[in-house]
Amino acid sequence: MALPGQFSDPRVITLVGLLAVSAAVWVALGLRARARRERASGPLERVWHPQETVALTPAEERAFGQVVSRLSFGSAGRLR
């Protein structure tokens, strides 16, 4: 079945085909990037560190707690 008028021109058919393919690729890459961002926003896997087995003194624990409290997120989701 032939298309009427201008649409039977092979250049128009090629242009429409290229637009359809590029739109499909653009949507697929966008969905892939969104899935990657959503996957990355989950909790990170815990990594063991050798210093975890070393007991801290009370002064070291207090100093560590002060540093952690400064790095905690504030009400706006920003670091204090």
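For R62, there are no salt bridge (charged side-chain N to carboxylate O under 4.0 Å, His left out) partners at least two apart in sequence or on another chain. Partners of T57 according to the side-chain hydrogen bond (donor to acceptor under 3.5 Å, both in side chains) rule, which considers only residues two or more places apart in sequence or in another chain, are E60.
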For residues 10-22, dump all side-chain donor-acceptor pairs below 3.5 Å to protein atoms at least two apart in sequence or in another chain.
residue, atom, partner, partner atom, Å
R11, NE, D9, OD2, 3.2
R11, NH2, D9, OD2, 3.0
T14, OG1, P10, O, 2.7
S22, OG, L18, O, 3.1
S22, OG, L19, O, 3.0

